Amino acid sequence: MSVSVQETAATTVFEEPPLIGGKPTFSSITEKISGIVEGKTKKAWFVLFGLASSLALILFGSIGFLFYEGIGIWGINNPVGWGWAIVNFVFWVGIGHAGTLISAVLFIFRQKWRTSINRFAEAMTLFAVICALVFPGIHVGRVWMAYFMFPIPNQMQMWPNFRSPLLWDVFAVGTYFTVSLMFWYTGLIPDLATLRDRAKARFRKIMFGIFSLGWRGGNKQWKNYELAYLLLAGLSTPLVLSVHSVVSTDFATSVIPGWHSTIFPPYFVAGAIFSGFAMVLTLAIIARKIYGLEHILTIRHFEKMNMVIMVTGMMVGYAYSMEFFIAWYSGNEYETFTFLNRAFGQYAWAYWIMISCNVLIPQLFWFKKIRTNIPAMFIISIFVNIGMWFERFVITVTSLANDFLPSSWDYFSPTIFDISMLVGSFGLFFSLFLLFIRFLPMVSMAEIKGVLPQADPHYYKKHE
Amino acid sequence: MKFDAAAFKLTDLNSVQVRSLGIGVLGLLLTVVGYFTKTEQFFFSYLTAYLFWVSIALGALFLVLLFHLTGTVWGVTLRRILETLMKVLPYMAIFFIPVLLGAHHLYEWSHVDVVAADPILSKKTSYLNITFFAIRTAFYFTVWYLIAAKLYKTSLAMDGGAKPEHIKTLKKVSAPGMIIFALTTTFASFDWIMSLYPHWYSTIFGLYFFSGGLVGTLTLVIVIGLYMNKRGAMDSVITVEHYHDLAKFTFGFIIFWGYMGFSQYLLIWYANIPEETIFYLDRWRGTWPIITMTVVLGHFLIPFVGLLSRNSKRNYTYLKYMSIFILIMHWVDIFWLVIPVLHTSGVRFCIFDFTAMAGIGGIFMWLFWKQLGKHAAVPMGDPKFEESLKHHNP
């Protein structure tokens, strides 16, 4: 049976502009992206790198002092044994999630717009996880015993507690980092080969030659490559969910009111994607401006990302309201107290920052004007980042500060070292990110070419 | 059953309609016997069957909303089937009347004397009382009806030629519709199922109920599609590529359901707080572990392994039996949620469990086929319809 449907007026509604703006050709894409890596270093890069690496030095200096003095230099007290270090850990792990979501989940959902942002979102994942791992590592107190987090056989016949979510964290985040790294590297191979072929200096040619693993771009290589990519995407997809779920069990397996809630795993995952997308947006807007990538990272990409931010923001809002409702519905006075205390107690300021930044402000994205306005979305993305840091602060600190025993209640105030380490971790993150965009192609050339109109086998026939 | 391929219309639906109606009426009549012989059992069996069919209609509503919001291509050809399932949802309000009448048998919180003697339950009376319970349910069905009616009507209007306004309307209804759907479905699951144990609570419960229902919807659509194809209807518009994608979604939401179920179980097991563990302990008493493990294996492990490979999603015979299996497991899941409240000592199946399923299901399917026959069986005016037919999995 042949099916014919008449062209209607509504057809035009779906006619989307091409993903890549301008009049791109395969070679113009290569020139543009490789040019960033091969050209002279921009002044703005030096300024930013100088700033970021100074902040990173502050982090290392603070860690050095922490090792010398002990974790007492932080503002943690009794009962607030988990302070900013854990808040930062959860925050950074969350930031990482957008990378894997974009590269793996959107790949499986056949979302072609991911190709412009997946490379640096994945790189961001890796750097965010590195920043995250610093914090539990230095929180153990006796750093020289940190290896004990791993199940290494030892002569004392002692093993880590496999029932502890803190140990699950080591496995979950470790796996996540490994698979993300493999995925990122696999995606890089064709692009590394391009850089190798274009390299003029001998050392550069050898280095890119080694890392491109003998890529020649042959048919068979592409076939294997695409299968490997699909399999890695399949492997990474459950990791998007598992990592932050495990992080959430650090809190949720306890019996502390405000921590023990069954919605925590999906709630943390939604929050992680939410904050990760906001960070990708922040970085993308800056990078696009500095390197003139307006035709590759178009307003359409940003609009779609803003929609993801809005949807995940509402999922987080759903979790907030479920927690609040169930706290009342449970009839449990401790639960009820904890949530009322969050909203109206000594940390009410933090709670309302969280609600405004995560639930209220992203609602502005309902308006197409705001969704497609670069300065507006930049500001909103910053608000989301702030809001998600405060979410972890509210969860971690409020539940501990007012525990079951009113006589032990205390108020958490950060010290200079809490602040220096948070700021320093941003320095580390941005330093790594800047190094990445200087030395590696920040947009996947091979994948961008796949979504160009020229990638259609019949393109040239049609346009003769 | 015949299919008019030019107008995309199903004709000669009489036999399937009569059969559905017959099964429905017979099932309901037999179930009514239960009211007079085993009143308690009757209400619990009825609630189980009711929740099964409502959850499927809700899943259909969700998918229609999702399709409009994401601008799906592959799903367009399936949308009318989903819209028709969604259209049956408001009728389910009528079937809620027995639940309301039997609230005294089903819900412990409806006993004023029990509540008065219980300090925790007396705190909840402002939410858990019959009047508010009825008002809430009426509210849920009203908003579901409004959303479903608007979406259905606009979709039908597109059959005669789509206009840009239609698509804008559909998107404009779907975006807030999705938010309303999320909240109402959650609270409906709290009201109808979670409050069977008035002391027990779980913040993830709404998501658990929703994800189970969605798996039911997807598999029911597969079964309906294959049923029609076998009779030579719609086989040109629902191809193996569409079944492949439906099966992928089923696979994905099987995992999602497992994720919800496992999160709930792990956290409750680990914290070991008596008022929470009661839910699982009740399902581990006597012969209940058999059903509990059936849910774990049948609703997660077997479909997970069984739908993993590409071939399994493209083989019609295999897919049909797998879908029917998953549908049965969805019923077992609801049974596992509801019945342990009644039979605390061990599993007891009752004839009314099955007659109620057939009764409500028969009427449900009768309404479905009747509605499906009224208009084109695919949204043929949708601008993406043609592209949807050509959909191809790489």
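Note that the structure is predicted; figures quoted are calculated from it, not measured. In the text below, chain A, chain B and the rest are named by the order of the sequence lines, each starting its count at 1.
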Could you tell me if the side chain of [Y] sits less than 4.5 Å from the side chain of [X], heavy atoms only?
| X | Y | answer |
| --- | --- | --- |
| B:Y201 | A:F325 | no |
| A:R110 | B:N393 | yes |
| A:W328 | B:S126 | yes |
| B:S263 | A:F264 | no |
| B:K123 | A:T336 | no |
| A:P265 | B:L267 | yes |
| A:L241 | B:F256 | no |
| A:H260 | B:E276 | yes |

Check whether [X] gets within reach of chain A through its side chain, its backbone, both or neither, counting any heavy atom under 4.5 Å.
| X | answer |
| --- | --- |
| B:F249 | side chain |
| B:M260 | side chain |
| B:P119 | neither |
| B:S195 | both |
| B:I179 | side chain |
| B:L266 | side chain |
| B:D245 | side chain |
| B:L128 | side chain |
| B:Y259 | side chain |
| B:W269 | side chain |
| B:K390 | neither |

Does any backbone or side-chain atom of [X] lie under 4.5 Å from a heavy atom of chain B? Answer side chain, backbone, both or neither.
| X | value |
| --- | --- |
| A:S330 | both |
| A:V269 | side chain |
| A:Y267 | neither |

Taking every heavy-atom pair that is under 4.5 Å apart, which of [options] has the most such pairs with chain A?
| options | result |
| --- | --- |
| B:M178, B:H199, B:H391 | B:H391 |
| B:G206, B:S202, B:A182, B:G252 | B:S202 |
| B:L69, B:T186, B:I120 | B:T186 |

For [X], look at atom [atom1] and say whether over 12 heavy atoms of other residues, nucleotides or ligands are found less than 6.0 Å away.
| X | atom1 | result |
| --- | --- | --- |
| A:Y334 | OH | no |
| B:F262 | CZ | no |
| B:Y265 | OH | no |
| A:N219 | CG | no |

Quiz item: Should B:M194 and A:I326 be marked as a side-chain contact (heavy atoms from CB on, under 4.5 Å) after you check the CA-CA gap, both sets of side-chain angles, and the distance that decides it?
Solution: CA-CA 11 Å; B:M194 203 165 86; A:I326 294 287; 3.7 Å; yes
Quiz item: Roughly how far, to the nearest 0.5 Å, is the CD atom of B:Q264 from the CD1 atom of A:I263?
Solution: 10.5 Å
Quiz prompt | Nearest-0.5 Å distance that lies between atom CD1 in B:I268 and atom OG1 in A:T253 | solution = 13.0 Å
Self-check item: B:F187-A:Y329 aromatic ring centre distance below 6.0 Å
Solution: no
Would you say [X]'s side chain and [Y]'s backbone share a donor-acceptor pair under 3.5 angstrom?
| X | Y | value |
| --- | --- | --- |
| B:Y270 | A:R163 | yes |
| B:T203 | A:M322 | no |
| A:T262 | B:I204 | yes |

Exercise. Could you pull out the closest heavy-atom pair between B:L207 and A:P266, with the gap in Å?
Key: CD1-CG, 4.2 Å
Quiz item: Could you go step by step and tell me if A:I108 and B:K248 meet the side-chain contact (heavy atoms from CB on, under 4.5 Å) rule?
Solution: CA-CA 10 Å; A:I108 285 175; B:K248 281 188 207 166; over 6 Å; no
Self-check item: Heavy-atom pair count under 4.5 Å with chain B, highest-scoring of A:S245, A:A327, A:S248, A:S254
Solution: A:S245
